[in-house]
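Every value quoted in this text rests on a predicted model; they were computed, and no experiment measured them. Counting convention: from 1, in listed order, for ligands and their atoms alike. The first residue in the sequence is number 1, and the count goes up from there.
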Amino acid sequence: MIIEIIPCLDDNYSYLIHDKKSDTVSIVDPAEFKACDSVVKKYKKLDFILNTHHHADHVGGNLELKKKYNSKVLGFGLDKNRIPGIDVLLKENQKHEIGNLKFEVIFVPGHTNTHISFFFYNEKVVFTGDTLFSLGCGRVFEGSHKEMYKSLNKIKSLPADTKIYCGHEYTKSNLNFCLTYDPNNIALKKKAKDIQIKLKKGIPTIPTTIDAEIKTNIFLRCNDPVIRQTLNLKTSTEDEVFSKLRDLKDSF
Ligand code: ZN
Ligand code: FE
């Protein structure tokens, strides 16, 4: 499985997946036609378009790419009226393949109420869209905070060495937020250096891993006693801690 990161719009990432064995070319969340096509055209084909959710900055390239390459569009069945050009209606926990690559559909409502992630279990790669970011999580637009937290925990439970490819380069602002409320986290400070080097060179901070996020992403650390103390929420539930953090981040 070869993954090419395609920066799109201001801070989006689309991802091209090439399965060499079967020569299958797919793209996850094509934000815009031009930037995506400049990578796709090297392969002279695009078999599949995979969408995590219906937002314009994730489906913006769907129709033009589909028209040019006659691709099949895969998305969540419940999003069938919102994903342009959808052909294959996926279900929760469904296993599906693109060439020799098999993925499982993980239903992760919160950012939208029909958001999914694609988990390629043999390669241990997950495309999280706008649910989990490096050091952050998506804004909760359609679901509840409780649902979003449950969704994040589903992703958190994937194998520790799973690589995470998310929908945006939000890492710098997320890092500043994590450092504000978890300032003594040694793993976070170490990761901060790594991130600063990458950003200075102008290269993506993606992928990250489940293991790294559990150690550094404050939204996956709602049970951490030090963070709870900092927030003055020592006796609150994890849901309440998450909700507080999401509110704080919304106005950060
Ligand atoms: Zn979105
Ligand atoms: Fe987005």
- Item | Residue pairs fulfilling salt bridge (charged side-chain N to carboxylate O under 4.0 Å, His left out) with at least one residue in residues 2-13, sequence neighbours excluded | E4-K42
- Protein N, O or S atoms lying under 2.8 Å from the Fe ion (ligand 2), listed by chain and number: D57 OD2, H58 NE2, D130 OD2, H168 NE2
- Is the Zn ion (ligand 1) less than 2.8 Å from at least one N/O/S atom of D57? no
Please tabulate, for side-chain N and O atoms in residues 120-129, each donor-acceptor pair with protein atoms closer than 3.5 Å (sequence neighbours left out).
from: K124; atom 1: NZ; to: D161; atom 2: OD1; distance (Å): 3.3
from: K124; atom 1: NZ; to: D161; atom 2: OD2; distance (Å): 3.2
from: T128; atom 1: OG1; to: L132; atom 2: O; distance (Å): 2.7

- Query: Are H115 and H54 an aromatic pair by the rule of ring centers under 6.0 Å?
  - Reply: no
- Is the shortest side-chain N to carboxylate O distance from D224 to R228 below 4.0 Å? no
- Please state whether the separation between the Zn ion (ligand 1) and some N/O/S atom of H111 is under 2.8 Å? yes
- So the salt bridge (charged side-chain N to carboxylate O under 4.0 Å, His left out) pairs with at least one residue in residues 82-92 (sequence neighbours excluded) are K66-D87, D79-R82, R82-E142, E92-K154
- Query: What angle sits at the Zn ion (ligand 1) between NE2 of H53 and OD2 of D130, to 10°?
  - Reply: 100°
- Task: Measure the CZ-OH distance between F252 and Y181 for me, rounded to the nearest 0.5 Å.
- Result: 7.0 Å
- Message: Which atom name would you report as the N, O or S atom of H55 nearest the Zn ion (ligand 1)?
- Response: ND1
- So, for Y13 and Y165, is the gap between ring centers shorter than 6.0 Å? no
- Does H115 put an N, O or S atom under 2.8 Å from the Zn ion (ligand 1)? no
- Would F119 and F103 count as a close aromatic pair, with their ring centres under 6.0 Å? no
